[in-house]
Peer 1: 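Take this structure first; my questions come after.
Everything numeric here is computed off the predicted structure, so don't read it as measured data.
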Amino acid sequence: MLKIRLMGTRNDIKWFEKILKRQPKVVVTEFSELYRNKGTNRFYRAYVEVQKANVKEK
């Protein structure tokens, strides 16, 4: 399993979320809500958990 922090504009994060969810070798197990970065109104962050599609969780 990987835990990933995404940082970018709202549109960039939503775009990448769609790409991740379409990948046949990756399963998105969790995608957090968007959090605003301190000091800016433009950039946000989100947290994602992914794992390989062929690995069963214990």
Side-chain angles (χ1 to χ4, degrees):
M1 174 186 49
L2 291 172
K3 293 186 178 190
I4 305 166
R5 181 175 68 178
L6 302 175
M7 293 175 54
T9 64
R10 283 179 172 258
N11 290 336
D12 290 340
I13 293 172
K14 292 294 183 184
W15 166 77
F16 196 72
E17 178 182 10
K18 290 176 187 176
I19 289 173
L20 274 179
K21 289 183 175 180
R22 284 186 289 197
Q23 297 303 311
K25 294 184 178 183
V26 174
V27 176
V28 177
T29 57
E30 188 174 329
F31 206 102
S32 75
E33 61 185 87
L34 292 176
Y35 298 100
R36 181 171 280 163
N37 279 355
K38 291 182 182 179
T40 179
N41 290 330
R42 183 173 178 209
F43 295 106
Y44 292 80
R45 67 188 184 282
Y47 300 92
V48 185
E49 287 186 12
V50 299
Q51 65 183 23
K52 293 179 183 179
N54 60 354
V55 176
K56 293 183 181 179
E57 191 171 316
K58 295 180 181 180

Peer 1: For the backbone of Gly8 and the side chain of Arg45, can you confirm whether one donor and one acceptor N or O come within less than 3.5 Å of each other?
Peer 2: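 Absent.
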Peer 1: Check for me, please, whether Phe16 and Val27 land in the same ILVMFWY cluster - side-chain distances under 4.5 Å, paths through other members count.
Peer 2: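 The answer is no; the residues belong to distinct hydrophobic clusters.
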Peer 1: Between Val50 and Thr29, what is the shortest heavy-atom contact and its length?
Peer 2: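 Here Val50 and Thr29 meet closest at N-OG1, 4.2 Å.
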Peer 1: With rounding to the nearest 0.5 Å, note down the distance linking CD in Glu49 to NZ in Lys3.
Peer 2: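 It comes to 4.5 Å.
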Peer 1: Among the clusters formed by ILVMFWY side chains lying less than 4.5 Å apart, do Tyr44 and Trp15 turn up in the same one?
Peer 2: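 Result: yes, single cluster for both.
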Peer 1: Working to the nearest 0.5 angstrom, can you tell me the gap between Glu30 CD and Gln51 CD?
Peer 2: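 One finds 11.5 Å between CD of Glu30 and CD of Gln51.
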Peer 1: According to a hydrophobic-cluster definition based on side-chain heavy atoms being under 4.5 Å apart (Ile, Leu, Val, Met, Phe, Trp, Tyr only), do Leu34 and Val48 belong together?
Peer 2: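 Yes, Leu34 connects to Val48 through the hydrophobic network.
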Peer 1: Are Met7 and Ile19 linked, directly or through intermediate hydrophobic residues, by side-chain heavy-atom contacts shorter than 4.5 Å (ILVMFWY only)?
Peer 2: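 Shared cluster, no.
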Peer 1: Looking only at heavy atoms, which two atoms of Pro24 and Ala53 are closest? And how far apart?
Peer 2: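 Here Pro24 and Ala53 meet closest at O-CB, 3.3 Å.
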Peer 1: Hydrogens and angles aside, do Tyr47 and Arg5 bring a side-chain donor and acceptor to less than 3.5 Å of each other?
Peer 2: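 Distance-only check fails for Tyr47 and Arg5.
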Peer 1: Between Ile4 and Val28, is there a shared hydrophobic cluster once you connect ILVMFWY residues whose side-chain heavy atoms come closer than 4.5 Å?
Peer 2: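 Yes, one cluster joins them.
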Peer 1: Measuring from Lys14:NZ to Thr9:OG1, what's the distance to the nearest 0.5 Å?
Peer 2: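 Between Lys14 NZ and Thr9 OG1, I get 11.5 Å after rounding to 0.5 Å.
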Peer 1: Is the shortest side-chain heavy-atom distance between Leu6 and Glu17 below 4.5 Å?
Peer 2: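 No, their side chains stay 4.5 Å or more apart.
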Peer 1: For the CD atom of Glu33 and the CD1 atom of Ile13, what is their distance to the nearest 0.5 Å?
Peer 2: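 Spacing of CD (Glu33) from CD1 (Ile13) equals 12.0 Å.
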